[in-house]
Amino acid sequence: MEKIINIAVVAHVDAGKSTLVDALLEQNGVFNNHEELTERVMDSNDLERERGITIYSKNCAIRYKDYKINIVDTPGHADFSSEVERIMKTVDTVVLLVDSAEGPMPQTRFVLKKALEQNLKPILFINKIDKKDARPEEVVDMTFNLFMELNATDEQLDFPIIYGIAKEGKATLALDKEGTDISPLLEVIINQVEPFKGNENDNLQFQISNLGYDDYIGRLGIGRINKGKIKNGETVTLVKNDGTISSFRISKLYVNEGIKKVEKDIAYFGDIVTIAGCPDISIGDTICEKGDINPLPPIIIERPTLSMNFLVNSSPFAGKSGKFLTTRHIKERLEKELETNVGLQVEELSGTDGYKVSGRGELHLSILLENMRREGYELSVSKPEVLFENIDNKKYEPFERVIINVPQDYSGTVINDLQERKGSLEVITNNEDNFVHLEFSAPTRGLIGYRSSFITNTKGEGIMVRSFDTYKPYVGPIARRKNGVLVSMENGKALGYSLWNLEDRGTLFIDPATDVYVGMIIGIHNRDNDLDVNPCKNKNLTNTRSSGSDEAINLTKPKKMTLEEALEFIEDDEYVEITPTDIRLRKKILDPKFRFKNKN
């Protein structure tokens, strides 16, 4: 039988997971000589490539000596943690990547905790040892302390350490010995991890840990065969998470070879396979031999922490650039997303044309919105709201761990800002390079909208990393946005003369000749109240001509918001209008008279 080892590569964002997987694939003959190699080959989604992050976990496989090693590339951002949780059940070990300069970050703690809970023995890979500010020995000590904090067993604490440069495909077991290739990592894997043991004559037991979707064959179930073997075309028993039992015939069976899925007639215990044939298969379901009911414990997905309302776009510009505009279109797209995105929840809103969509964080939901926008959808989105929990008849809310590195001159401002937002300072250390390292525990509610203020207050020099931590008792009201907004009171095209006069009132979002409508937000007011303005007003012309009376108009460059910044910026009485070509901000009630009446 084939010797199979399954590994997951886990780390914080930007520690080099996908780059390490590239090196493993390239050095083990996955690519032919004539094939052009692309960086981060596993990040196949457009958004993953643009942002340099992994959003969806993906499988590949390499051959090393007489072993088949299945590799799972996992997301590094906390918002996609539901992907990581499930993967831990399908692997035999994890390669924990830690940056040699940054050390363990919030998501490092999360993924390591999940691995230790599954009794896995991690392998530590200290990456980017060629950095100028690399401090590998110190980072090893910091990681060991993290293992201790997470109550690792003595066996887990005795983890092997590998140093390397994933980008160059080099690894070494000792810092004083330069690596030439990635083989030291592979040697440690096959020496530390026993191949999956089993018997092909056992009855089949196979749990679904991930989902896929194919336009031609429908929903796909992905997971590791725990016992026995599975055959293409055989009829099997499906045990759902809620205990219901049904049968279906496997219509397709795939295994991973390199970065491709290869159709097979049969697959054996230990291998990670993809099957088709059951349209309602879900995470945690167990597939057993026909007539043999032997389910594995269900996989529990952590609940969403944040929600937004996805509504039909009702602005005067609706339908100008989008193809999909109606409730039916939005419903069909969300239902398609639910086929594979199990961290998401969708509820229909009563009395309005829209849906309440809940996810693991702002990035989780904004990635969905960005994908919809690129596909031609138009919609309006409300301010993100945290989801409270009722624990022992008390109101609890999600808290995040916030790690900040900031120049010493701005540390006081940052501490003050986060304390205003009900954050509590837990760690403060001074670094040698005049930077201060701060760690906070802060409610998610208080952090919504803080990033833009943080960038402004630290002149772009600060680094902030957030990660969901736990639920804590409700901390009461939190201060909202300090500035009001400039709202258009006219329909038409914005004129340079008018915008030039409005610059004294605040920061503008629009250029001259931009189409505007009544109720559209065109800038941030300098004061705390909203101000209705006319951006379409032109200069009054007279018959009298005088030299020197015309002033040259020199406008400041407007502030252009990304989708994430817009979602963080808006308040309860505002929407983000999302179209394939534009992201606009608007008031929920467009007419200023009705808005004033509603306020009072």
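Counting begins at 1 with the first residue of the sequence.
- Counted within 6.0 Å of CD on E178, heavy atoms from surrounding residues, nucleotides or ligands total 12 or fewer; the atom is thus considered open.
- When side chains are defined from C-beta on, Q408 counts as touching N430, because their heavy atoms get closer than 4.5 Å.
- Every residue two or more places apart in sequence or in another chain that forms a side chain to side chain donor-acceptor pair (under 3.5 Å) with S183 is listed here: D181.
- In terms of modelled atom types and a separation under 3.5 Å, the side chain of T286 and the main chain of F206 share no donor-acceptor contact.
- Judged as a side chain to side chain donor-acceptor pair (under 3.5 Å), and not counting sequence neighbours, T172 has no contacts.
- The backbone N or O of G228 lies less than 3.5 Å from no partner atom in the side chain of E200, so there is not a single donor-acceptor pair.
- Using a 4.0 Å cut-off between a side-chain N of Lys or Arg and a carboxylate O of Asp or Glu, E168 and K170 qualify as a salt bridge.
- Residues passing the salt bridge (Lys or Arg N to Asp or Glu O under 4.0 Å) test with K336, sequence neighbours excluded: none.
- For F569, the ring-ring contact (aromatic ring centres under 6.0 Å, His included) partners at least two apart in sequence or on another chain are F509.
- F125 places a side-chain heavy atom less than 4.5 Å from the side chain of L185.
- Under the 3.5 Å distance criterion, the side-chain polar atoms of N210 are left unmatched by any main-chain donor or acceptor of I222.
- Side-chain atoms of D285 come within 3.5 Å of backbone atoms of N241 as a donor-acceptor pair (strictly under, hydrogens ignored).
- Remark: Y471 engages no residue in a side chain to side chain donor-acceptor pair (under 3.5 Å) (not counting sequence neighbours).
- Summarising the geometry of L173 relative to Y163, their closest heavy-atom pair is O-CE1, 3.9 Å, with the distance given to 0.1 Å.
- The closest donor-acceptor contact from the side chain of E397 to the backbone of V475 lies under 3.5 Å.
- One finds the OG1 atom of T429 at 8.0 Å from the CG atom of N405 (value rounded to the nearest 0.5 Å).
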Under 3.5 Å, which donor-acceptor pairs do the side chains of residues 154-161 form with other protein atoms, sequence neighbours left out?
| unit_1 | atom_1 | unit_2 | atom_2 | d |
| --- | --- | --- | --- | --- |
| Q156 | OE1 | T153 | N | 3.0 |
| Q156 | OE1 | T153 | OG1 | 3.4 |
| Q156 | NE2 | L116 | O | 3.4 |
| Q156 | NE2 | L120 | O | 3.0 |

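- Considering all non-hydrogen atoms of both residues, G103 and V98 come closest at C-CG1, 3.4 Å.
- A donor-acceptor pair is defined here as one N or O able to donate and one able to accept, closer than 3.5 Å; no such pair exists between the side chain of Q118 and the backbone of V91.
- At a cut-off of 3.5 Å, with distance as the only test, no side-chain donor of N127 or D99 sits close to an acceptor on the other residue.
- Salt bridge E375/R333: present, at least one basic N to carboxylate O contact under 4.0 Å.
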Step-by-step side chain to side chain contact (heavy atoms under 4.5 Å, CB included) determination, I162 to L124: CA-CA 6 Å; I162 297 150; L124 179 62; over 6 Å; no
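- Between the side chains of H364 and E362, no donor-acceptor pair of N or O atoms lies under 3.5 Å.
- By the 4.0 Å N-to-carboxylate-O rule, R373 lies close enough to E370 to be salt-bridged with it.
- Contact check for V427 versus L438: no side-chain heavy atoms found under the 4.5 Å cut-off.
- In plain terms, the two heavy atoms of I275 and I230 that are nearest each other are CG2-CD1, 4.1 Å.
- Inter-residue side-chain proximity for I287 and I208 is flagged as met; some heavy-atom pair is nearer than 4.5 Å.
- At a threshold of 4.0 Å, the pair K167-D22 does not count as salt-bridged, since none of the basic side-chain nitrogens sits closer than that to a carboxylate oxygen.
- At a threshold of 4.5 Å between non-hydrogen side-chain atoms, the residues N256 and K261 count as touching.
- Between K128 and D133 no salt bridge is recorded (no basic side-chain N to carboxylate O distance below 4.0 Å).
- Within the cation-pi definition used here (under 6.0 Å to the ring centroid, within 45° of the axis), K227 does not qualify as a partner of F269.
- Taking the side chain as every heavy atom from C-beta outward, L387 and P304 approach each other to under 4.5 Å.
- Residues T305 and R360 have side chains in contact (heavy-atom distance under 4.5 Å, counting atoms from C-beta outward).
- Considering all non-hydrogen atoms of both residues, L25 and C60 come closest at CD2-SG, 3.9 Å.
- Contact detail for A171 and P184: the closest heavy-atom pair is O-CG, 3.2 Å.
- Between E337 and L368 there is a side-chain heavy-atom pair separated by less than 4.5 Å.
- A salt bridge between R445 and E385 is absent, with no side-chain N of the basic residue lying under 4.0 Å from a carboxylate O of the acidic one.
- Side-chain atoms of Y450 and E568 include no donor-acceptor pair closer than 3.5 Å.
- What you find for P122 and Q192 is that their closest heavy atoms are O-NE2, 3.9 Å.
- With hydrogens and angles ignored, the 3.5 Å screen pairs no side-chain donor or acceptor of Q345 with any backbone N or O of V357.
- The backbone N or O of Q207 sits nowhere less than 3.5 Å from a side-chain atom of R224 that would complete a donor-acceptor pair.
- Distance alone, capped at 3.5 Å, places no donor-acceptor pair between the E138 side chain and the R135 backbone.
- Remark: K3 is positioned above the aromatic ring of Y67, its terminal NZ or CZ atom under 6.0 angstrom from the ring centre and at most 45 degrees off the axis.
- Taking 4.0 Å as the cut-off between side-chain N and carboxylate O, D271 and K68 count as a salt-bridged pair.
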